[in-house]
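Predicted model only: the values in this text are computed from it and were never measured. Note: hydrogens, waters and symmetry copies are ignored here, and every other heavy atom, side chains too, is used.
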Number of protein chains: 4
Amino acid sequence: MSGIFLSNILQFKIYYLFLTKRSVKIKYSMSPRTPEQFKEIRAEKKAQIMQAALEVFAEKTFQGASVSMIAKKAGISKGLLYNYFSSKEDLLKQIIWQVWNNFVELFESKNADNFNETDFEEIIKLSFDMLKTDYKFWKLYISLVMQPAAIKFLEEKIPEFMDEYLNLYVNYYQKKGIKNPLAEARLLGSALDGVSLNYILDPENFPLEEVQRLIIEKFK
Amino acid sequence: MSGIFLSNILQFKIYYLFLTKRSVKIKYSMSPRTPEQFKEIRAEKKAQIMQAALEVFAEKTFQGASVSMIAKKAGISKGLLYNYFSSKEDLLKQIIWQVWNNFVELFESKNADNFNETDFEEIIKLSFDMLKTDYKFWKLYISLVMQPAAIKFLEEKIPEFMDEYLNLYVNYYQKKGIKNPLAEARLLGSALDGVSLNYILDPENFPLEEVQRLIIEKFK
Amino acid sequence: MSGIFLSNILQFKIYYLFLTKRSVKIKYSMSPRTPEQFKEIRAEKKAQIMQAALEVFAEKTFQGASVSMIAKKAGISKGLLYNYFSSKEDLLKQIIWQVWNNFVELFESKNADNFNETDFEEIIKLSFDMLKTDYKFWKLYISLVMQPAAIKFLEEKIPEFMDEYLNLYVNYYQKKGIKNPLAEARLLGSALDGVSLNYILDPENFPLEEVQRLIIEKFK
Amino acid sequence: MSGIFLSNILQFKIYYLFLTKRSVKIKYSMSPRTPEQFKEIRAEKKAQIMQAALEVFAEKTFQGASVSMIAKKAGISKGLLYNYFSSKEDLLKQIIWQVWNNFVELFESKNADNFNETDFEEIIKLSFDMLKTDYKFWKLYISLVMQPAAIKFLEEKIPEFMDEYLNLYVNYYQKKGIKNPLAEARLLGSALDGVSLNYILDPENFPLEEVQRLIIEKFK
DNA sequence: AATGAATGAGCGTTCATTCAT
DNA sequence: AATGAATGAACGCTCATTCAT
């Protein structure tokens, strides 16, 4: 596994919005529902459950969270949850994978060859921006993804993706003539992870702006 | 909370030794025991239980670990465990606090004024050395300390200690004329955290030596 | 209760046909339906559900069968099932009673006075024939009728019918001058039950033909 | 599967006594328990649970019986039941196998060569005697053993034992010069099964004595 | 100091049944 | 007539904790 799982959080934005924008209650017409309406209802309810589960898992640990708590937070009955997810573990798996797939998909769209200093600065800035704006989501996500239960699901996905991710930075540093580009890339990833973690744990006292400037200065 | 909880792991060494050196089975004479011997037996058994609990908690999460598992791993009966700890939560609390107290105590003995470049390099080297040598312990410790249940106990202790810890590095950077010494110190702490985390998660592929050199180069 | 509930299976033939002949999918015209057509649709769907339920009950036990399974096997929604049967127990009750009523009705039409040796031999032969030909149905039926839940419903019905059934054979043996006609009749019934059971449980190794001959030889 | 599973019930006597004789409450001394005492307590409690389970399974079906009911009937808590049996299914399995093993063990001790007419008559008489005396146990046992869940466990055991059982009677009839000894043996087994079943279902009206005489007369 | 039998609350999950559409 | 989302009670099972010995 590697540093990417905390840093480079930028890309989750879209998923996050997707996850949350639907939690508004929608009133349906009284006419018989079309299959499309059923699907829409299901999709919304599913997102609603996943959001609730993410919060409870983050606060209590996967093992410490009970299906009752999740159902209560989602405003549904315990039984209905099993209409959408085959088990508590399936619920976790779907949360993890959906986030991860969004992440990977977006990341793969980047072209490693064109990655220049401006891109670097921009991506760092955006990442820090995200961390600040979506503080609540990242707190949840980090809490979740650090748990053994979550890592279990991620472990099989990460290796294949890892090279590609590192390559972006390794190439970048190589082109800049840095001596040990891999170490440089791994340290950058680690630093981003560490910053994310420390900011999440103590957002009020962590000097995020200045640290961001320092990272750009030291790693650009 | 802050970056210190993962980085600067050096100081745990002594506690670690304390914790493990006693897990050797000792045979006692059959003659009537003195009160001192009783105390010693109690102390040893307690350490033995805590060590077992640390391992089980790390592997299974606090919530996922059962008292039965811990008792089994410690080689005692479930009932006896409650002779030493009033509850599972108390067991966790005592583990966390004992580690923490050892940490704080040792750290406070350092003199911030004498901290020079040689010390810096040395402390970083020692930290990385520890990470490598006591890999298993740190894996356990990090797994444990990242759990919400553990963080709950640490949260009340950390703030008072935080300033002192940061001061060491803030002073160091101040004396060196660095522009923003606090940001520099927090980034260093974060980087150390991130490195610890990434190395623990993938020790075989992480270029620890080179990353260590890079850190000294960038942060000295 | 008594031996009749397994033996003398001949009489179920008509009911069996009634139950199965309707499980063929029938296409209806799209023109507005007459009330009679509605009734017919209802009747057919009911038979279709009962057939599905019989199979699931037999395989899984009444308690082990779920309404979902039955609805699925019948090709309808769970909700619709409750349009035809007020509860799972009602479904079982209706299956049992319908089989039973067909059985009784047919049996009562026989005239005990005319029952001679030729009739005896014929009825035994027919019974064994049925057992072989409709093996699958009898397996289901026996599995179902041996369950406490089914016996509960049968228990109230049987006594009134018992005498009549036994009378057929008691009269027969009386006319033949057998010493204890009741015991003879009950042993015959028991033997037929036992044979049915054993054949159903192990059809490949049970020497049905020879056993049939033996029964005629010993009980005629 | 075959007829033996109901008939020839004689051999269970010892097990039955074993199962029931222990359900008397025993008071233990107040001194610390020796390991032997623990074992004894466990064995007794286990028998007590098995007896309760046999009764509930028989009345409600394996699937219809709940662990709560069994625990209640056994006078213990639900949790304790799992101290003795790893699952509800394990409980069923242990009941079935223990009965079965006792049965097989005793049966195998019989010598097929010495089996003469006196033995035959005696074994039939004893069987019928058992059925009458231990009516309650046989009712339970038959109800249990007819359930799919129980048959599942027996199925693997029976075939190897079947031949031996049949051989006893096949040899017997062969020596007597009967034409089709296998069919004769299977019919006898079936008749005994049927009689057991019918007697159990309606003990007050079934003419057990006379039927017994008839069987000896017809099958000796 | 030490055991392990015993409890009971709560877990994840299933399922008969209802109901809005 | 027909659907399937929704409920809630009860299921099998686990486990932190207690207690007699």
S.K.: Any donor-acceptor pair under 3.5 Å linking the side chain of B/Lys60 with the backbone of B/Ser66?
M.R.: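 The answer is no, because no donor-acceptor pair under 3.5 Å joins these two groups.
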S.K.: Map C/Ser86 and A/Ser87 onto DNA chain E by nearest heavy atom, then report which one ends up closer to the 5' terminus.
M.R.: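 Between the two, 5'-proximity favours A/Ser87.
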S.K.: Applying the side chain to side chain contact (heavy atoms under 4.5 Å, CB included) test to A/Lys152, which of A/Gln147, A/Lys93, A/Glu89 qualifies?
M.R.: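 Answer after filtering A/Gln147, A/Lys93, A/Glu89: A/Glu89.
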S.K.: Could you pick out which residue, A/Ala65 or D/Arg42, lies toward the 5' side of DNA chain E when each is mapped onto its nearest nucleotide?
M.R.: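 Comparing both residues, the 5'-ward one is D/Arg42.
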S.K.: Please state how far atom CD in B/Glu89 lies from atom C1' in F/dA16, giving the value in whole angstrom units.
M.R.: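 Whole-Å distance recorded here is 12 Å.
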S.K.: Ignoring hydrogens and angles, tell me if any N or O in the side chain of C/Lys72 forms a donor-acceptor pair with the backbone of C/Val67 under 3.5 Å.
M.R.: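 Not confirmed, C/Lys72 side chain does not pair with C/Val67 backbone.
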S.K.: Is it true that A/Glu55 and A/Gln51 share a donor-acceptor pair across their side chains at a distance under 3.5 Å?
M.R.: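 Yes, side-chain donor-acceptor contact under 3.5 Å.
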S.K.: For C/Lys72 and E/dT14, what is the distance between atoms NZ and P respectively, to the nearest whole Å?
M.R.: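 Spelled out: NZ on C/Lys72 to P on E/dT14 is 13 Å.
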S.K.: Pairs under 3.5 angstrom, nitrogen or oxygen only, protein versus nucleotides 6-9 of chain E, please.
M.R.:
from	atom 1	to	atom 2	distance (Å)
E/dA6	OP1	D/Lys45	NZ	3.0
E/dA6	OP2	D/Tyr84	OH	2.9
E/dT7	OP2	D/Ser77	N	2.9
E/dT7	OP2	D/Ser77	OG	3.0

S.K.: Is the positively charged end of B/Lys46 above the ring of B/Phe85, judged by distance under 6.0 angstrom from the centroid and angle within 45° of the axis?
M.R.: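 Output yes; distance and angle both within limits.
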S.K.: Listed by chain and number, what are the side chain to side chain donor-acceptor pair (under 3.5 Å) partners of A/Gln63, not counting sequence neighbours?
M.R.: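 A/Gln63: no side chain to side chain donor-acceptor pair (under 3.5 Å) contacts found.
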S.K.: Rounded to whole angstrom units, what separation is found between the NZ atom of D/Lys46 and the C1' atom of E/dG4?
M.R.: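 My rounded result for the distance is 16 Å.
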S.K.: When the distance from CZ of C/Phe85 to P of E/dT17 is rounded to whole Å, what number comes out?
M.R.: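 Computing the C/Phe85:CZ to E/dT17:P distance gives 13 Å.
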S.K.: Within this structure, what is the CD1-to-P distance between A/Ile49 and E/dT13, rounded to whole angstrom?
M.R.: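 Result: 14 Å.
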S.K.: Where the side chain of B/Tyr82 is concerned, which of F/dC11, F/dA16, F/dG12 is the nearest nucleotide?
M.R.: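 Nearest to the side-chain atoms of B/Tyr82, counting from C-beta on, is F/dA16.
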S.K.: Could you state the atom-to-atom distance from NZ of C/Lys88 to C1' of E/dT14 in whole Å?
M.R.: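 Between C1' of E/dT14 and NZ of C/Lys88: 11 Å.
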S.K.: Within this structure, what is the CG-to-P distance between C/Leu91 and E/dT17, rounded to whole angstrom?
M.R.: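 Atom CG in C/Leu91 sits about 10 Å away from atom P in E/dT17.
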S.K.: When Watson-Crick pairs (N1 to N3 and N6-O4 or O6-N4) and G-U wobble pairs (N1-O2 and O6-N3) count only below 3.5 Å on both distances, what is the dot-bracket string of DNA chain F, with | for other-strand pairs?
M.R.: .||||||||||||||||||||
S.K.: If you check the B/Val67 side chain, which of E/dG12, F/dG12, F/dA16 turns out closest?
M.R.: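 The listed nucleotide nearest to B/Val67's side chain is F/dA16.
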S.K.: Please confirm whether the shortest side-chain N or O distance from D/Ser66 to OP1 or OP2 of F/dC11 is below 4.0 Å.
M.R.: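 For F/dC11, OP1 or OP2 has a side-chain N or O of D/Ser66 closer than 4.0 Å.
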S.K.: Of all heavy-atom pairs between B/Ala52 and B/Lys73, which one has the smallest distance, and what is that distance?
M.R.: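 Where B/Ala52 meets B/Lys73 most closely, the heavy atoms are CB-CG, 3.8 Å.
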S.K.: Could you state the CD-P distance from B/Glu44 to E/dA1, rounded to the nearest angstrom?
M.R.: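 Atom CD in B/Glu44 sits about 14 Å away from atom P in E/dA1.
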S.K.: Mark yes or no: C/Lys45 above the aromatic ring of C/Tyr84, with NZ or CZ under 6.0 Å from the six-membered ring centre and no more than 45 degrees from the axis.
M.R.: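 Verdict for C/Tyr84: no cation-pi partner in C/Lys45.
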S.K.: Is the backbone of A/Gly64 close enough, under 3.5 Å, to the side chain of A/Thr61 for a donor and an acceptor to pair up by distance?
M.R.: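 Between the backbone of A/Gly64 and the side chain of A/Thr61 there is no qualifying donor-acceptor contact (under 3.5 Å).
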